[in-house]
Structures are given as C-alpha cells and as structure tokens.
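Just below is one structure, and these are the notes that go with it.
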Amino acid sequence: MRLTCPFCGSRGLEEFTYRGDALVRRPAADTSLQTDAQAWTDYVYLRDNPAGLHSELWYHGVGCRSWLVVTRDTRTHRVDDVRAASAVAAERSGGAA
Amino acid sequence: MPTDRYSLFSLLREGLRGNTGWKAAWRKAAPAPAYDYVIVGGGGHGLATAYYLARRYGGLRIAVVEKGWIGGGNVGRNTTIVRSNYLLPGNEPFYECSMKLWEGLEQDINYNAMVSQRGVLNLFHNDAQRNAYIRRGNGMRLHGVDAELLDATAVREKLPFLNFDDARFPIRGGLLQPRGGTVRHDAVAWGYARAADRLGVDIIENCEVTGIRIERGRAVGVETSRGFVGAGKVGLACAGNSSRVAAMAGLRLPIESHVLQAFVSEGLKPFIDCVVTFGAGHFYISQSDKGGLVFGGDIDGYNSYAQRGNLPVIEDVCEGGMALMPRIGRVRLLRHWGGLMDMSMDGSPIIDRTPVDGLYLNAGWCYGGFKATPASGLCFAHLLARDEPHPVATAYRLDRFARGAVIDEKGMGAQPNLH
Ligand SMILES: Cc1cc2nc3c(=O)[nH]c(=O)nc-3n(C[C@H](O)[C@H](O)[C@H](O)COP(=O)(O)OP(=O)(O)OC[C@H]3O[C@@H](n4cnc5c(N)ncnc54)[C@H](O)[C@@H]3O)c2cc1C
Ligand SMILES: [Zn+2]
C-alpha cells in the first residue's frame with residue numbers, strides 16, 4: 001500500500017502514522033460530562049468500523065509532516081483519495097479556515 | 001459400525017481395517033426453523049460456547065451458524081500461543097481459568113489438540129523492563145499462577161544462540177511461564193466442533209448471517225443466506241467481523257478491525273523448545289512439531305477487512321527476528337497470511353449482554369483471543385444460560401467504556417491500533 005501525499009507524491013506506508021476514523025467529532029468543549037456523558041463515550045470509544053470505504057487520518061511524519069484525510073476501501077486496501085486535512089477542515093467550516 | 005470415540009483401540013481397529021470406518025468428525029447440519037440458542041460465528045469461541053452450553057446445560061437446541069467453513073477464521077490463522085501471564089485483576093483469573101481448561105481439554109473433548117506446555121519466555125533488555133516483569137511475575141504469583149524470573153545466565157543455558165550482547169538491546173533475562181506454550185489451532189476448532197456435534201449441536205457451515213430480527217425490542221432470530229432461523233437467544237462470536245454483525249442490530253461497538261500477519265518458515269531440526277518473545281520490539285516465535293518456525297509481530301495498524309497485510313510490517317517483524325536470533329537469517333519463508341483482529345479500545349474483551357434483549361456479545365479479543373478460547377466459551381455459555389456474568393468474566397462488560405472502568409493491560413488508552 002502506498003499513499004499519494006498531495007505535497008510529496010507517492011510514498012511507502014512506512015512514512016506514515018495512522019490515527020483512525022476521520023469522521024469522529026470531538027464534542028464542543030462545554031459539553032457536560034454529567035449530562036451528556038454519552039457524547040464523550042461515543043467520541044472516545046465508539047467507531048463505525050465499516051467494511052468498505054473508510055475516511056481516515058494519516059500523518060506524514062517522515063515527509064511533509066501534514067495530516068491527511070485518506071479515503072480507502074478496508075476490504076481491498078484500495079486508496080481512492082488523499083487530501084490535506086487542513087483543506088478538508090476549511091471546506092467543512094465553509095471556507096473560513 | 002462407524003467409529004465414535006477416539007482411543008488407542010479405535011486407532012488399532014481402523015489401522016487393521018484400512019481406515020474405512022472413521023465417521024466424519026461432525027454432521028453437515030442444515031438449519032432447523034428454530035433453536036433455543038443460535039451462536040453466530042463458528043470460530044474457536046463460537047464452537048467452545050456451543051460445546052459448554054450443551055455440556056453444562058443439557059436438553060437445549062443449539063446451532064452454530066458459520067458463513068464460511070470451520071477453521072477458516074482466526075482460530076486457524078493464529079500463531080498458537082497460549083499463556084496466562086496477565087497483570088490486571090480483571091484479566092488474570094480469566095486467563096488462568098482458560099489455562100486450566102487447556103490442561104484438561106484433550107481428555108474433555110476426546111481430541112488430540114497437541115497442547116504443549118513448553119513454556120513462554122518474555123525477554124527483557126534493560127532495568128526498567130526487568131522491574132516491570134518482576135511486578136508482572138509477582139502479580140501472577142499472587143493469583144496462584146506460575147512465573148519464574150530468569151537472569152541472563154539462565155536464559156543463556158536455555159537458548160544459547162540468542163543475540164545476548166547486542167549493543168543496543170542486550171538480553172538481561174526473562175520472565176518465564178512454564179505452563180504456557182502452544183496448542184494446535186486447527187485441532188481446537190475441529191475438536192470443539194466434533195465434541196459439540198456429539199452433544200447434538202447443529203454446526204451449519206456456509207450460512208452467512210445477514211440480519212438480526214428484532215421484535216418488540218427483543219432478538220428473535222437471524223436472517224441468513226439459508227433463510228430465517230429463529231432463536232430464543234442469539235450469541236455473537238464473530239471476532240474481526242463483530243462490528244458488522246452488531247450493526248445489524250443497530251449497535252456501535254468500541255472496536256476497530258485490524259489485520260495481523262503471521263509467518264511460517266521451512267521445516268528445520270528442533271532448536272527452539274519454548275515460545276520466546278523479544279522485549280525491545282514486537283516479535284514472538286516458536287517452532288512447530290513439523291519443524292517450521294512460527295512467528296509474528298505487530299498488527300499493521302490501520303482498519304482492514306482484507307485478511308492480508310503490507311510489506312512494512314513484514315520488514316519490521318523480520319528485523320525483530322534478526323535482532324533476537326541472527327541465525328534465522330538464511331531460513332526461507334514457507335507461508336504467510338493475515339487475519340482480522342477485533343481490536344477493542346482498551347485491549348480487553350467483551351463478554352456481555354447488549355442493549356437488545358436476547359442478544360449477547362463476545363468480542364474485542366484483539367490478537368490474544370486464541371489462548372482465551374476455552375474460558376471464553378465457558379463464560380459466554382454461562383452468560384447465555386444464566387443471564388449473569390461468569391465469576392471470572394465480571395470485568396468484561398460492554399458499558400465499562402462509558403463507566404471509565406476500562407481494563408488497559410498495556411496502558412495505551414483508547415487507541416485500538418496500539419494494543
Ligand atoms: C495472525 C494471527 C496470530 C494470532 N496469534 C495469536 C496467539 O499466538 N495467541 C492468541 O491467544 N491469539 C492469537 N491470535 C488471536 C486469535 O486467533 C483470535 O483472537 C481468536 O481466534 C478469535 O476468536 P475466534 O476463534 O472465535 O475467531 P474466528 O475463527 O475468526 O471466528 C469468527 C467466525 O465468525 C464468522 N462470521 C463472521 N461474520 C459472520 C456472519 N455474518 N455470519 C456467520 N458467521 C460469521 C467468521 O467466518 C469466523 O469463522 C492471532 C490472530 C491472528 C490473525
Ligand atoms: Zn507529505
């Protein structure tokens with residue numbers, strides 16, 4: 001498996017560190033542990049763990065040290081898309097990075 | 001008359017008859033309309049569960065539903081190591097219960113599983129590791145489990161060819177569990193399948209569960225590729241596929257599926273007489289009775305359902321091997337494969353009810369579930385039959401994550417790819 005970093009090009013897997021599901025969202029800082037513990041439990045522990053397309057975070061530690069959002073099929077390891085996490089985040093917050 | 005019980009007598013008789021009288025080890029069962037218990041997943045844990053259910057709680061109609069064939073999952077893919085050298089109170093009694101069951105297994109199920117208590121030796125390479133292993137060994141002994149601390153001289157006597165004076169990772173000693181060892185994994189699957197079958201359990205292969213039918217909040221059976229099968233209770237033991245099957249009942253689990261690779265070399269004359277683990281990297285090795293070196297290391301570390309891994313981990317495993325025992329450098333690799341690990345968020349398993357009535361979960365075995373097979377089956381059977389956890393499995397609750405009562409043997413936190 002190789003990942004094509006948007007900044008460094010196609011690189012071997014050993015240059016990257018995996019950080020898991022890119023879709024989990026940290027609850028807002030003021031989410032109460034008392035009244036909304038489930039939101040924290042979901043965030044810290046529960047995962048969809050799909051067999052199929054998975055959106056996931058990788059860190060290019062041996063290259064440009066960017067965080068990347070990779071879309072990959074967990075059944076075949078086929079990589080469909082690699083984007084800079086900063087770009088994905090900017091898009092999500094409506095362009096205001 | 002077909003041969004039923006395996007014994008020296010049956011062996012002699014069949015030898016004289018040209019082996020024409022052996023019966024299939026288990027029937028090819030077709031699904032009945034309904035059972036008292038349906039176990040999903042015919043791996044080691046599912047089969048052991050069915051066996052102990054039938055054995056201890058008689059008169060039940062039980063089925064094991066397996067999407068592939070018996071022995072095709074992790075039970076037939078692991079590196080066969082069994083041990084009970086855990087540290088935490090929630091774990092150690094459970095794994096020791098399993099070790100005791102291994103010790104009596106072959107008589108119990110009338111099957112030669114080649115249980116070999118050749119010892120498991122965990123090496124340490126510095127003072128901090130020595131202290132950690134002293135603590136672990138003391139923890140084990142407090143639970144009545146065997147543990148011996150070996151210094152470098154004692155290790156040298158046992159395994160003189162190890163790389164003791166490596167500049168970076170010299171071997172300072174090891175923690176030995178003499179009762180640990182290896183068990184032939186296929187034989188565990190076949191032996192439990194045969195023993196369960198003899199007690200009337202239907203083992204239904206090539207039957208994939210595609211849905212869990214829930215009526216008024218209660219699981220009443222499973223949809224399968226061979227039709228609906230009704231059930232009083234449904235037990236899930238699907239290892240690497242746990243999240244997918246649990247999702248059929250609307251559940252999200254604290255689990256990620258990862259791939260772990262294993263390796264076997266060409267056959268060599270016997271020279272490693274125990275299981276050895278390298279303490280400065282992740283590498284474990286034993287020698288099978290056929291002479292092949294059986295070894296492995298880390299999981300690949302990313303979500304996977306592919307049952308095959310990538311090259312960086314192969315390189316890492318081989319580097320670990322070379323650092324520990326350079327003499328294996330020219331040995332040729334014979335086979336290599338991968339299996340799907342149900343990596344839980346704290347590295348410990350789950351044997352519990354689920355929020356859905358009548359639906360029970362056995363999952364989260366990470367890459368250490370083979371050694372747990374007998375106790376996992378025993379405890380899951382207990383839970384299914386009595387609706388309360390077995391005394392040695394009380395910590396393995398599904399809600400422990402929400403309660404903050406995680407069992408983090410490795411101290412890695414909520415990070416499944418590090419356990
Ligand atoms: C390479 C490798 C090395 C390992 N080494 C060790 C070791 O040395 N020591 C140790 O203790 N552990 C080890 N393990 C871990 C151990 O093998 C597993 O934790 C354990 O086998 C899991 O339980 P099981 O036997 O029930 O799993 P499996 O044999 O995987 O059984 C699960 C079954 O569920 C079936 N299933 C899944 N979905 C469905 C469905 N929808 N319908 C019907 N059936 C379904 C699967 O086909 C499968 O047969 C290793 C694992 C691997 C892969
Ligand atoms: Zn890069």
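Lettering of chains follows the sequences in order, A, B, ..., and the numbering in each one begins at 1.
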Part of A:Trp40 lying under 4.5 Å from any heavy atom of chain B: neither
Inter-residue atom distance B:Ser304.OG - A:His54.NE2, 0.5 Å rounding: 11.0 Å
B:Trp69 atom CH2, over 12 foreign heavy atoms within 6.0 Å: no
Per-residue contacts, residues 19-30 of chain A versus chain B, heavy atoms under 4.5 Å: A:Arg19, A:Gly20, A:Asp21
Evaluation steps, side chain to side chain contact (heavy atoms under 4.5 Å, CB included), between A:Glu14 and B:Leu311: CA-CA 9 Å; A:Glu14 61 271 35; B:Leu311 292 169; over 6 Å; no
Residue part contacting chain A, namely of B:Val406, when any heavy atom lies under 4.5 Å: side chain
Heavy-atom side-chain proximity of A:Arg47 to B:Ile255 below 4.5 angstrom: no
Proximity breakdown for B:Ala247 and chain A, heavy-atom pairs closer than 4.5 Å: neither
Under 4.5 Å from a heavy atom of chain B, the part of A:Ala51 involved: both
Toward chain A, the part of B:Gln415 with a non-hydrogen atom under 4.5 Å: side chain
Chain B contacts, top residue of A:Asp48, A:Asp73, A:Thr17 (heavy-atom pairs, under 4.5 Å): A:Asp48
Segment of B:Asn303 engaging chain A (4.5 angstrom heavy-atom cut-off): both
Atom group of A:Thr41 that falls short of 4.5 Å from chain B, counting heavy atoms: side chain
Flag if over 12 foreign heavy atoms under 6.0 Å of CZ, A:Arg65: no
Neighbour count above 12 (heavy atom, 6.0 Å) for B:Arg218 CZ: yes
Partner of A:Asn49 under side-chain contact (heavy atoms from CB on, under 4.5 Å), chosen from B:Pro416, B:Ser257, B:Pro254: B:Ser257
Worked check of ring pair (Phe, Tyr, Trp, His ring centres under 6.0 Å) between A:His77 and B:Tyr302: CA-CA 10 Å; A:His77 298 166; B:Tyr302 44 81; 5.4 Å; yes
Part of B:Arg252 lying under 4.5 Å from any heavy atom of chain A: both
Contact check, side chains of A:Tyr18 and B:His258, non-hydrogen atoms, under 4.5 Å: yes
